[in-house]
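Input: a single structure, listed below in structure tokens.
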2 protein chains.
Amino acid sequence: MARGRADDPDHGVELLWRAGDREPRQGLSLPRIVRAAVELADDEGLAGLSMRKVADRLGFTTMSLYRHVPGRGQLVDLMLDEVLGEHPQAPETGGWRARLEAVARHAWEIRKRHPWLAEVRGSRHVPGPNAVAHYDYMLSTLAGTALRPSEVIAVVGMVGRFVDAEALVLVETRREERRSGVSEEEWWGSRDSLYERLDRYPTLSHLWTAGGWDHPEDSFDFGLRRLLDGVEVLVRQRDEIRDEMCAECGGPLEPAPSGRPRVYCSRACQQRAYRRRRNG
Amino acid sequence: MARGRADDPDHGVELLWRAGDREPRQGLSLPRIVRAAVELADDEGLAGLSMRKVADRLGFTTMSLYRHVPGRGQLVDLMLDEVLGEHPQAPETGGWRARLEAVARHAWEIRKRHPWLAEVRGSRHVPGPNAVAHYDYMLSTLAGTALRPSEVIAVVGMVGRFVDAEALVLVETRREERRSGVSEEEWWGSRDSLYERLDRYPTLSHLWTAGGWDHPEDSFDFGLRRLLDGVEVLVRQRDEIRDEMCAECGGPLEPAPSGRPRVYCSRACQQRAYRRRRNG
DNA sequence: CTTTGCTGTTTATGCCGTACACATAGTAGT
DNA sequence: ACTACTATGTGTACGGCATAAACAGCAAAG
């Protein structure tokens, strides 16, 4: 096995989704390689992850890895699913907002433990079972709202990108601090030759003297709150619309004589929805 | 010149902020290097930007570049400011929301022209004059609101990261499509071996059959709207608070007998604010 | 006329991913 | 029991990357 060329995605799917491989008592094995790679990336970041170093860590030659993994790219895919498997989503209760916030904070925690997660780039990473489980759970937080399917997907995508963007700045500052031995604050504090030239920028100067940089907001908390507020605006909007129209055909909804809120405009629509739910 | 080592940030400041260098009629020069590098990155992305290729494009040897630029990192800093200089911020009118949206869309356009902008990583890029001008303008859009200084800064940071995150997925898909000759849609459409395994994920399946992926939201437009909605919630909240307290000392505000909204609680506060505005 | 500094070149070091040919060992088939 | 095949690990090599260090030519300054 592992004979597929590095650019055969289907082989990657196979590697990701086959479960419970027996691990040989000695020698290399895919899970061992992946775990070593995760450790390495935790220590040195994704840029510091090289096939050579992974092999060294395991006490084998570089090329031995290629007997088990098609290449570096696929190794990263496998690492992704590995760490998501270590942090299963704990089902939360509450409204959509509480659950979505919990899911975002969970992703944030995972990225603090494995900072390289946010550094993974590329649009064609085959998701493994754990990644899909996470994604499905994120989607489920909004499934109960009146958001349209495409909107649910868009919101989840946005939240994911938000967490990654925040994690990315975090890991970058951390790494530069570790590499140079100079803290971010110190480094920027030493840029006098830069600050000398900033007088001519009015708003910047004003916010500076007003102390805007002295007690900055927590970037993640602040951003997450704004983001959820923005989603909430949309959810409320959709809820209002839902209250006025048929959930199946979108037609107008006459108020029920009983005063109880109606969902479908006719018995026909109600049954169509029921059948759709059974089949799909 | 250009004798500073690659890890001397002050030398980078010097390079970025000195204006109007005379360009020699022939031979290398910093502006020519930067322009060639921008062209290259436009074509091949930031990962495709190498000192070798820049030098080739100019018809010089690799090492000749190092006579003018300390290293690749500083070159990227210079490229950043170069392209921001090509797209000056057009002053917009309107409320904070219209202006902030315009500024975000402007940044989005720049990133579509120079996709590598979003790929620039690292927390210690010295900003050049054009970068600072852009930043100052972004800050100014919110200066008229009741947001606290730290909140203005946080919002601007969030918007910037949002645009970069969206630009990043765009450039990544584009590049993979160009590299492989297979469109994103085709590629994912060919992953049958993956889709076979997704039945067990309920929300995912439900949204799939509901057609959530058939007509996806425009990621940038959708996200920007949510984001601005979220900021608006905060602005409104702060405005309410502002209406109830003194803009200078934060103390309670008694309603004026005339009914006209008051801003300061006392003449003393009004004068303090006036003096502060004159000095800062 | 020589010294100095600016500019470009040459060579070399140490990373990286991975293609390819080879060695070895265990196993299935006869 | 002998053979052929397969799985697994190794060694060497190629092309690409950033950049350090030494060197060569040339122009202006002394």
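Throughout, protein chains are lettered first and strands after them, A, B, ... in sequence-line order, and every chain is numbered starting at 1. Computed from a predicted model, the values in this text were never measured in an experiment.
- Close to C/dG8, at under 4.0 Å from its OP1 or OP2, lies a side-chain N or O of B/His68.
- One atom, CG of A/Asp56, and another, P of D/dG9, lie 16 Å apart when rounded to the nearest Å.
- The distance from atom CE of A/Met51 to atom C1' of D/dT12 is 17 Å, rounded to the nearest whole Å.
- In this entry the distance linking CG of A/Leu40 with P of C/dG17 reads 10 Å, nearest Å.
- Picking from D/dT10, D/dA18, C/dG17 the nucleotide with the shortest atom distance to the side chain of A/Thr61 gives D/dT10.
- Residue B/Leu65 contributes atom CG, which lies 13 Å from atom P of D/dC17 at whole-angstrom precision.
- Taking only side-chain nitrogens and oxygens, B/Ser50 comes nearer than 4.0 Å to OP1 or OP2 of D/dC17.
- Applying the 4.0 Å criterion to OP1 and OP2 of D/dC17, one finds that B/Arg52 has a side-chain N or O inside that range.
- Summarising the geometry, the separation between CG on B/Leu46 and C1' on D/dA18 is reported as 14 Å, rounded to the nearest angstrom.
- In this structure, A/Lys53 and A/Met63 both approach DNA chain C, and ranking their closest nucleotides by distance from the 5' end singles out A/Lys53.
- As a whole-Å value, the separation of A/Leu75 CG from C/dC16 P is 14 Å.
- B/Leu30 has its CG atom 15 Å from the C1' atom of C/dC6, to the nearest Å.
- Aromatic rings from A/His114 and A/His87 are positioned such that their centres are separated by under 6.0 Å.
- Taking atom CZ of A/Phe60 as the reference point, atom P of D/dT8 lies 12 Å away to the nearest angstrom.
- With respect to B/Phe162, the ring pair (Phe, Tyr, Trp, His ring centres under 6.0 Å) criterion is satisfied by exactly one of B/Phe222, B/Trp108, B/Phe220: B/Phe220.
- Within the 4.0 angstrom heavy-atom criterion, base atoms lie near A/Ser64.
- Of the candidates D/dT19, C/dG17, C/dG8, D/dT19 carries the atom nearest the B/Tyr66 side chain, counting heavy atoms from C-beta on.
- Residue contacts shown for B/Leu49 are limited to sugar-phosphate atoms, with no base heavy atom under 4.0 Å away.
- Between B/Asp43 and B/Lys53 there is no salt bridge, since none of the side-chain N atoms of the basic residue sits less than 4.0 Å from a carboxylate O of the acidic one.
- Checked against the 6.0 Å centroid threshold, A/Tyr137 and B/Tyr201 do not count as a close aromatic pair.
- Counting atom types as modelled, A/Arg67 pairs a side-chain N or O with a base atom of D/dG9 as donor and acceptor under 3.5 Å.
- Counting heavy atoms of neighbouring residues, nucleotides and ligands inside a 6.0 Å radius, atom CZ of A/Arg113 does not exceed 12 of them.
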